Amino acid sequence: GLSFFTFGNTASSKNLVLEEVVFEDINGNDFKLSDLPGKLILIVNTASFCGFTKQYKGLQALTKKFSPEELSILALPSNDFGNQEPGSNIEIKDFCEGIYGITFPIMSKQRIIGKNKHFFYTWIEDNHGFKKLPKWNFHKYLLNRDGELLHSMSSRIAPSSNKFIDNIINSLK
């Protein structure tokens, strides 16, 4: 749509300013997107009791495949889809670390949809449209350091799939 406000360079106005995106991590501390070291940032809305939960295994495998400087992964647990993340932050942390050995940062439970959704998802909707919002758990967004959305991948695209890994490799070039 038309915009009456431009911030700096219009070409980059659709880009996310990483410094402005703050989550609360699973331990209750502030966590800035800009604190992640990776050239690429993968943001995934997760749930512990979903048919796609086994994708945690594939996500963790990516931490061995790519260096922290190449790829940073961020898990955003949410109870918004099918009430499949009913537990407390402590239960979520124990599940992710205990069952899947997750070493990448896990945030506290977030709203992903609806009017109280986290700023990140408001940005997705405002800049990329409602259709780009997650329809279910384990929707994956790949961004670069400039805050540009490179790929939006549905729950069905497994992190262990060739398509998924090719998207990362090609984005690192």
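As a basis for the values below, the full set of heavy atoms in this structure was taken, side chains included, without hydrogen atoms, waters or symmetry mates. The structure presented is a predicted model; accordingly, all values stated were derived computationally and were not measured.
- No continuous path of hydrophobic side-chain contacts links V17 to L143 [ILVMFWY only; heavy atoms under 4.5 Å].
- Counted by atom type alone, T103 and Q60 present one or more donor-acceptor pairs between their side chains at under 3.5 Å.
- Relative orientation of the W136 and F81 rings is tilted, given thresholds of 30° and 60° on the angle between their planes.
- How far CH2 of W123 is from CD of E20: 11.5 Å, rounded to the nearest 0.5 Å.
- L142 is listed as a side-chain neighbour of L71, based on a closest heavy-atom distance under 4.5 Å.
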* To do: Just do the side chain to side chain contact (heavy atoms under 4.5 Å, CB included) check on N29 and F31 with the steps written out, would you?
  => CA-CA 6 Å; N29 303 311; F31 189 100; over 6 Å; no
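- Counting all heavy atoms, side chain and backbone alike, G38 lies closest to S72 at N-OG, 2.8 Å.
- Of all heavy-atom pairs spanning P105 and M107, the tightest one is CB-CE, 3.7 Å.
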* Asked: Is there a side chain to side chain contact (heavy atoms under 4.5 Å, CB included) between F95 and T53 once you walk through the steps?
  -> CA-CA 11 Å; F95 176 84; T53 302; 3.8 Å; yes
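- Cluster membership for F49 and L59, using ILVMFWY side-chain heavy atoms within less than 4.5 angstrom, is not shared.
- With contacts defined as side-chain heavy-atom distances shorter than 4.5 Å, the pair H118/V21 qualifies.
- Across every non-hydrogen atom of I165 and S160, the tightest pair is CD1-O, 3.8 Å.
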* To do: Please step through side chain to side chain contact (heavy atoms under 4.5 Å, CB included) for the pair Y121 and L133, ending with a clear verdict.
  => CA-CA 7 Å; Y121 292 95; L133 286 175; 4.1 Å; yes
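- At distances below 3.5 Å, not a single donor-acceptor pair connects side-chain atoms of K32 with backbone N or O atoms of E19.
- Note on residues 117-130: pairs passing salt bridge (charged side-chain N to carboxylate O under 4.0 Å, His left out), not counting sequence neighbours, are K117-E125.
- Side-chain atoms of S48 never come within 3.5 Å of backbone atoms of I92 as a donor-acceptor pair (strictly under, hydrogens ignored).
- Taking all atoms of both residues into account, the shortest heavy-atom contact from P134 to Y141 is CD-OH, 3.1 Å.
- For the atom pair OG (S34) and CG (L16), the distance works out to 10.0 Å, reported to the nearest 0.5 Å.
- Proximity of a side-chain donor or acceptor of S108 to a complementary backbone N or O of E24 within less than 3.5 Å is detected.
- A distance of 10.5 Å separates NE2 of H151 from CG of N144, quoted to the nearest 0.5 Å.
- No hydrogens or angles considered: nothing links the side chains of S78 and Q110 as a donor-acceptor pair under 3.5 Å.
- Under the 4.5 Å side-chain heavy-atom criterion for grouping Ile, Leu, Val, Met, Phe, Trp and Tyr, F23 is not connected to I90 through any hydrophobic cluster.
- Using a 4.5 Å heavy-atom threshold, the side chains of F138 and T46 count as touching.
- Under the salt bridge (charged side-chain N to carboxylate O under 4.0 Å, His left out) criterion, the residue pairs touching residues 94-114 are D80-R111, K93-E97, with sequence neighbours excluded.
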* Please report the C-alpha distance between L36 and F104 in whole Å, then the side-chain angles of each, then the deciding distance to 0.1 Å, and finally whether the side chain to side chain contact (heavy atoms under 4.5 Å, CB included) criterion is met. => CA-CA 10 Å; L36 292 166; F104 51 83; over 6 Å; no
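- Side-chain contact check for K163 versus M153: every heavy-atom pair is 4.5 Å or farther apart.
- Taking each heavy atom of P159 and G58 in turn, the nearest pair found is CB-C, 3.9 Å.
- When side chains are defined from C-beta on, I41 counts as touching L18, because their heavy atoms get closer than 4.5 Å.
- Contact check for I157 versus N167: no side-chain heavy atoms found under the 4.5 Å cut-off.
- Considering all non-hydrogen atoms of both residues, P77 and E85 come closest at CB-OE2, 3.5 Å.
- Using a 4.5 Å heavy-atom cutoff, the side chains of F120 and I112 are not in contact.
- Atom CG of L40 is separated from atom CZ of F66 by 8.5 Å, given to the nearest 0.5 angstrom.
- Atom CD of E69 is separated from atom NZ of K39 by 10.0 Å, given to the nearest 0.5 angstrom.
- Hydrophobic clustering, with ILVMFWY side chains joined whenever heavy atoms are under 4.5 angstrom apart, keeps L74 apart from V22.
- Here the straight-line distance linking atom CG of D166 with atom OG of S171 works out to 10.0 Å at 0.5 Å rounding.
- Under the 6.0 Å cut-off for aromatic ring centres, Y100 and Y56 qualify, their centroids lying closer than that.
- With S152 as reference, H139 is the one residue of H139, K132, H128 to meet the side-chain hydrogen bond (donor to acceptor under 3.5 Å, both in side chains) rule.
- Looking at D25 and N89, their side chains never come closer than 4.5 Å, going by heavy atoms from C-beta outward.
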